[in-house]
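Taking it in order: structure first as structure tokens, then the write-up.
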Amino acid sequence: MISSPNLIIEGSHPYGEDKVWDLCMWLCNNLLPDIGYEIVVTFRKFNKDDGDAQGFHLTFDQDSHEVHISNKLTYKQAMIAITHEFIHVQQYMNGLLKEDKADMYWRGKFIPDSTPYFDRPWEKHARRNENKVYKQYLRTLARSLH
């Protein structure tokens, strides 16, 4: 088993390596269970196949995840996109969101692929919590400055 966590950040972005690393490690320590896992965060230019996405999450199994973030976002947009995608990692790790081949399950309930993207319960959950979690992180930064 991998030691917890194995975090890899790759790709080019204008946000500052230390700032991205700090947020990602904080998210690992505050959102994710203390088990062996690997998360690769990749910053890259999104193309037309990515649509309007700011980021997305891929899971290979419960312990192996990729997060892709557009490197054309503002700093705040990028940090919130990272937070949003880490909430998806948390959903998988905690068993809220499960995949079985092409089928998706939220809290054990099958969610048809025809469900509009923004109506999918895992997206609603991530959007509902992304700003709250990011503000918690910012509060820890403010406390560490005093």
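Residues forming a side chain to side chain contact (heavy atoms under 4.5 Å, CB included) with Q54 (at least two apart in sequence, or on another chain): L73, Q77, A81. For H68, the side-chain hydrogen bond (donor to acceptor under 3.5 Å, both in side chains) partners two or more places apart in sequence, or in a different chain, are R44, E66. In this structure, the side chain to side chain contact (heavy atoms under 4.5 Å, CB included) partners of N71, at least two apart in sequence or on a different chain, are S12, H13, F43, K45.
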- Query: Under the side-chain contact (heavy atoms from CB on, under 4.5 Å) criterion, do L27 and L32 qualify, and how do the steps go?
  - Reply: CA-CA 7 Å; L27 291 166; L32 305 180; over 6 Å; no
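Here salt bridge (charged side-chain N to carboxylate O under 4.0 Å, His left out) pairs that include residues 125-139, with residues two or more places apart or in two chains, number zero.
At most 12 heavy atoms of other shown residues, nucleotides or ligands fall within 6.0 angstrom of atom CG in D113. Heavy atoms from other residues, nucleotides or ligands lying under 6.0 Å from CG of D18 number 12 at most. Surrounding CG of N47 are more than 12 heavy atoms belonging to other residues, nucleotides or ligands, all under 6.0 Å away.
Under a 4.5 Å side-chain heavy-atom criterion applied to ILVMFWY residues, the cluster that includes F110 comprises Y105 as well. Taking a 4.5 Å side-chain heavy-atom cut-off between Ile, Leu, Val, Met, Phe, Trp and Tyr, the cluster of I111 extends to Y92, L96, L97, M104, W106, W122.
For the atom pair SG (C24) and CG (N29), the distance works out to 11.5 Å, reported to the nearest 0.5 Å.
Between H65 and E85, the side chains place no donor N or O within less than 3.5 Å of an acceptor N or O (distance only, hydrogens not considered). For E38 and S64, the side-chain atoms include no donor-acceptor pair closer than 3.5 Å.
The minimum heavy-atom distance between M93 and P33, with the atom names listed, is SD-CD, 3.7 Å.
The residue from Q91, R120, H88, R107 that alone fulfils the side-chain hydrogen bond (donor to acceptor under 3.5 Å, both in side chains) condition with H125 is Q91. Under the side chain to side chain contact (heavy atoms under 4.5 Å, CB included) test applied with H84, the options M79, H57, E123 reduce to a single match, E123.
With a 4.5 Å cut-off on side-chain heavy atoms, I8 and I39 do not count as touching.
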